[in-house]
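What follows is one structure encoded as structure tokens, with my remarks underneath.
Please read all numbers here as calculations on a predicted model, not as lab measurements. In what follows, every chain begins at residue 1, and chains take the letters A, B, ... in the order their sequences are listed.
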Number of protein chains: 2
Amino acid sequence: MKRKVTLKQIARELDVSISTVSKALRNSIEISEDTRQKVKAFAKLYNYRPNNIALSLKNRKTKTIGVIIPEIVHHFFSNVIRGIEQVANNRGYNVIIGLSNESFSKEVINMEMLANGSIDGFILSISKETLLRQDYHHFNETINQGMPIVLFDRAVEEINCDKIIVDDVKGSKKAVEKLISNGCKNIGIITTKDYVSVGRLRTQGYIAALEDSKIHPKASLILKIDVELDSEDHLEDLENEIEQFFNNNKHIDGIFAVNELYAITAMKVARKKGIKMPDKLQIIGFTDGVLSKHATPSLTTVSQHAQKMGEKAADLLIDRLELDIDNEVEEEHYKTIVIETELIERESTK
Amino acid sequence: MKRKVTLKQIARELDVSISTVSKALRNSIEISEDTRQKVKAFAKLYNYRPNNIALSLKNRKTKTIGVIIPEIVHHFFSNVIRGIEQVANNRGYNVIIGLSNESFSKEVINMEMLANGSIDGFILSISKETLLRQDYHHFNETINQGMPIVLFDRAVEEINCDKIIVDDVKGSKKAVEKLISNGCKNIGIITTKDYVSVGRLRTQGYIAALEDSKIHPKASLILKIDVELDSEDHLEDLENEIEQFFNNNKHIDGIFAVNELYAITAMKVARKKGIKMPDKLQIIGFTDGVLSKHATPSLTTVSQHAQKMGEKAADLLIDRLELDIDNEVEEEHYKTIVIETELIERESTK
DNA sequence: TTTCAACACGAAAACGTTTTCGTAAATAAT
DNA sequence: ATTATTTACGAAAACGTTTTCGTGTTGAAA
């Protein structure tokens with residue numbers, strides 16, 4: 001087992017100084033052609049590679065970005081990661097992942113773990129618990145210490161930084177408009193409680209679409225699910241709640257669900273009740289995941305372009321990191337990029 | 001914007017040496033109660049946190065593990081990551097992710113990027129292209145340099161290291177036996193080409209189950225799909241191939257598919273052809289993902305306990321890392337842990 | 001022969017820690 | 001009053017790099 005070789009070892013073997021070795025390898029003109037060749041040959045033979053940690057310490061940057069997401073077993077988030085990873089790698093950066101599990105304290109701990117020099121900047125999506133508490137001090141402190149953050153998808157105004165978001169209102173509005181133009185008269189929405197920003201915004205879009213068409217939104221047609229039912233363990237409770245929703249709204253003929261799980265579960269309940277789709281009931285979901293594509297009938301959905309979000313987020317962060325280097329001015333002009341949604345029509349709508 | 005404070009700065013402010021500050025913060029008895037308090041108060045005020053990079057350089061370990069997987073937008077892999085992340089975090093380690101995208105060169109590049117000091121050890125699953133080439137030099141070189149590797153799921157004999165695998169043969173055999181005991185007479189398998197080890201092994205299990213029941217395996221009932229059709233872009237080709245398979249085997253009444261996609265697609269084709277499930281056709285898949293759970297009919301499947309695999313892999317790697325420290329002996333006794341599969345029965349079987 | 005560049009290289013500092021060792025001052029023992 | 005022992009701290013090395021600056025040698029110019 002041959003340990004990794006260092007400059008010092010090469011220097012000793014070749015009876016030159018460390019500086020000479022370093023310079024030779026970096027093709028400095030200070031070094032004679034002769035020794036340069038000699039050093040390079042030796043380095044190649046022993047497969048020398050500069051130690052990243054030492055470089056990070058010296059350069060005071062790690063070429064690594066930290067990503068903290070609420071959940072990884074989730075089509076949307078894993079797609080975002082894929083996007084991040086792709087551009088990060090292309091631009092010479094590594095990606096280090098932390099999972100908050102939708103928990104405030106895990107989010108804080110994870111951030112602290114990474115913020116002490118391990119990374120150059122963060123890309124993250126806020127956990128539900130944090131959103132509920134509205135306690136954003138850890139983000140602002142991190143930013144204050146000079147570590148840039150890019151927020152994606154779940155962002156809030158209280159944090160001053162770059163953001164990549166989806167136009168939830170507009171995307172939802174388009175979806176509901178589609179249902180209206182497809183002839184639906186009683187359109188319901190299955191959404192989250194209001195403190196989850198995406199739920200709130202998508203509900204706004206739903207209401208806006210109805211009002212634009214002079215339809216009065218009915219409270220009974222709005223079902224707000226508690227986040228606790230999101231987990232796979234509470235699938236049955238979710239199902240029961242949605243079934244109740246159907247029972248309370250006998251004439252419902254269109255449903256807009258703010259995420260894939262709600263949409264799929266609604267479809268399952270409808271099927272159980274013998275409601276034909278899309279004839280008697282049309283459904284549109286949000287987030288283009290694997291479930292939507294493979295459901296029966298396949299689900300019409302609002303795609304968020306998750307991978308593109310990841311790519312943009314990484315580009316934005318790296319741009320800022322590399323801008324800070326040259327231009328040490330407080331260029332505190334934060335951007336918010338809105339990714340356009342796209343309505344992907346499948347079999348669950350006419 | 002206040003930059004991160006260092007020992008040196010604290011030392012200067014308090015007019016003591018760096019050593020004193022360091023010792024005071026670590027509660028050394030060499031330091032008087034008086035100065036200890038003073039230093040701690042100051043450090044707390046300025047929110048001092050030791051720089052991770054400097055610590056890594058000094059300790060020659062990073063407390064970070066590198067994970068390289070072929071694909072992240074995949075229920076199985078993201079579940080493994082979740083498991084890894086959970087135990088890694090509990091044991092004080094970070095997780096850095098690399099994606100090979102099933103490509104040999106990306107796998108090599110990613111490994112090189114991380115192997116130069118950024119991490120203490122690897123957890124990885126081999127890319128399909130690497131498996132096809134059978135070129136494992138990069139793994140063996142990494143191991144030779146003293147960096148431990150834990151392979152999971154897709155492992156090969158040629159690499160000498162710890163492994164976490166699933167008993168593919170046994171799991172598949174159980175699944176096919178289930179089909180047989182459920183009365184299926186013509187059981188087909190949809191699998192991959194043989195160089196994908198999991199496909200090969202699962203096919204072995206299929207054949208073994210048949211032979212145990214004195215059923216002669218028929219070549220026409222074995223469909224080996226090319227990996228290129230796995231991607232979401234070639235969904236139609238895959239569908240066509242499976243449809244052809246049905247046409248060639250009119251009396252097929254049971255299907256074992258080696259992954260979720262093949263199973264779901266087979267179900268879709270069957271539904272299109274008006275074949276009732278599970279009455280006329282029973283299907284079992286491999287890998288317990290979201291698709292299986294939410295399909296109609298929901299899919300009976302062989303669960304691999306992905307998250308547990310991740311947890312075991314992380315434990316195994318960290319155990320080795322922390323054993324190497326005390327016990328510098330070449331304790332080259334590599335383990336292979338087999339995770340038991342579990343047949344989860346749902347609606348696609350009787 | 002003296003002066004001056006050009007050349008080729010090495011010493012040392014710096015990044016931020018931890019830790020070993022040395023030592024001045026204060027206290028205790030003789 | 002002398003010696004021994006604590007006590008409390010600082011200097012320096014080490015981890016592995018890069019880079020600035022200084023310097024001894026050479027060969028050419030004066």
Side-chain angles (χ1 to χ4, degrees), chain A residues 3-40 42-43 46-64 114-120 145-147 325, chain B residues 3-40 42-43 46-64 114-120 145-147 325:
Chain A
R3 285 246 161 239
K4 297 232 67 175
V5 65
T6 68
L7 289 185
K8 191 195 277 196
Q9 289 167 37
I10 300 183
R12 197 184 310 137
E13 292 294 320
L14 262 43
D15 206 36
V16 292
S17 77
I18 296 179
S19 339
T20 303
V21 178
S22 175
K23 287 172 187 167
L25 291 175
R26 322 195 88 237
N27 291 316
S28 161
I29 44 158
E30 286 185 35
I31 305 301
S32 72
E33 187 59 26
D34 215 33
T35 40
R36 208 192 310 177
Q37 296 298 336
K38 204 170 53 179
V39 171
K40 285 195 166 188
F42 194 92
Y46 282 86
N47 194 33
Y48 170 78
R49 293 278 181 280
N51 180 303
N52 267 333
I53 296 293
L55 285 179
S56 294
L57 184 59
K58 180 118 196 38
N59 301 329
R60 300 158 97 198
K61 60 184 177 197
T62 60
K63 288 274 191 178
T64 301
L114 297 183
N116 302 315
S118 302
I119 61 166
D120 296 339
Q145 300 204 342
M147 176 158 308
I325 293 169
Chain B
R3 284 251 160 232
K4 297 232 68 176
V5 65
T6 68
L7 288 186
K8 191 194 278 197
Q9 290 166 38
I10 301 183
R12 199 184 308 137
E13 292 293 319
L14 262 44
D15 206 35
V16 292
S17 77
I18 296 179
S19 339
T20 303
V21 178
S22 175
K23 287 172 186 167
L25 291 174
R26 321 195 90 236
N27 290 318
S28 162
I29 44 159
E30 285 185 38
I31 305 300
S32 71
E33 187 59 27
D34 214 36
T35 40
R36 209 192 308 175
Q37 295 299 336
K38 205 171 54 180
V39 170
K40 283 195 167 188
F42 194 92
Y46 283 87
N47 194 32
Y48 170 78
R49 293 278 181 281
N51 180 302
N52 267 333
I53 296 293
L55 285 179
S56 294
L57 183 59
K58 180 115 195 41
N59 301 329
R60 296 156 104 205
K61 60 183 177 199
T62 60
K63 289 276 192 175
T64 301
L114 297 181
N116 303 314
S118 304
I119 61 165
D120 297 338
Q145 300 205 341
M147 174 156 309
I325 294 168

Any [X] side-chain nitrogen or oxygen under 4.0 Å from OP1 or OP2 of [N]:
X	N	value
Ser22(B)	dT18(C)	yes
Arg60(B)	dG16(D)	yes
Thr20(B)	dA8(D)	no
Lys61(A)	dC15(C)	no

Query raised in the report: Starting at the 5' end of DNA chain D, which residue's closest nucleotide do you reach first, Ile31(B) or Asn59(A)?
Result: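 Counting from the 5' end, the first nearest nucleotide belongs to Ile31(B).
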Closest to side chain of [X], choosing from [options]:
X	options	answer
Leu57(B)	dC9(D), dG16(C), dT19(D)	dG16(C)
Leu55(A)	dA11(C), dT17(C), dT17(D)	dT17(D)
Ile18(B)	dG16(C), dG10(D), dT18(C)	dT18(C)

[atom1] of [X] versus [atom2] of [N]: gap in Å, rounded?
X	N	atom1	atom2	result
Lys8(B)	dA13(C)	NZ	P	11 Å
Asn51(A)	dC15(D)	CG	C1'	9 Å
Ile53(A)	dT17(C)	CD1	P	14 Å

Remember a base hit wins even if backbone is also touched, and classify [X] as base, sugar-phosphate or nothing at under 4.0 Å, heavy atoms.
X	answer
Ser32(A)	sugar-phosphate
Leu7(B)	base
Arg49(A)	sugar-phosphate
Ser56(A)	nothing
Lys23(A)	base

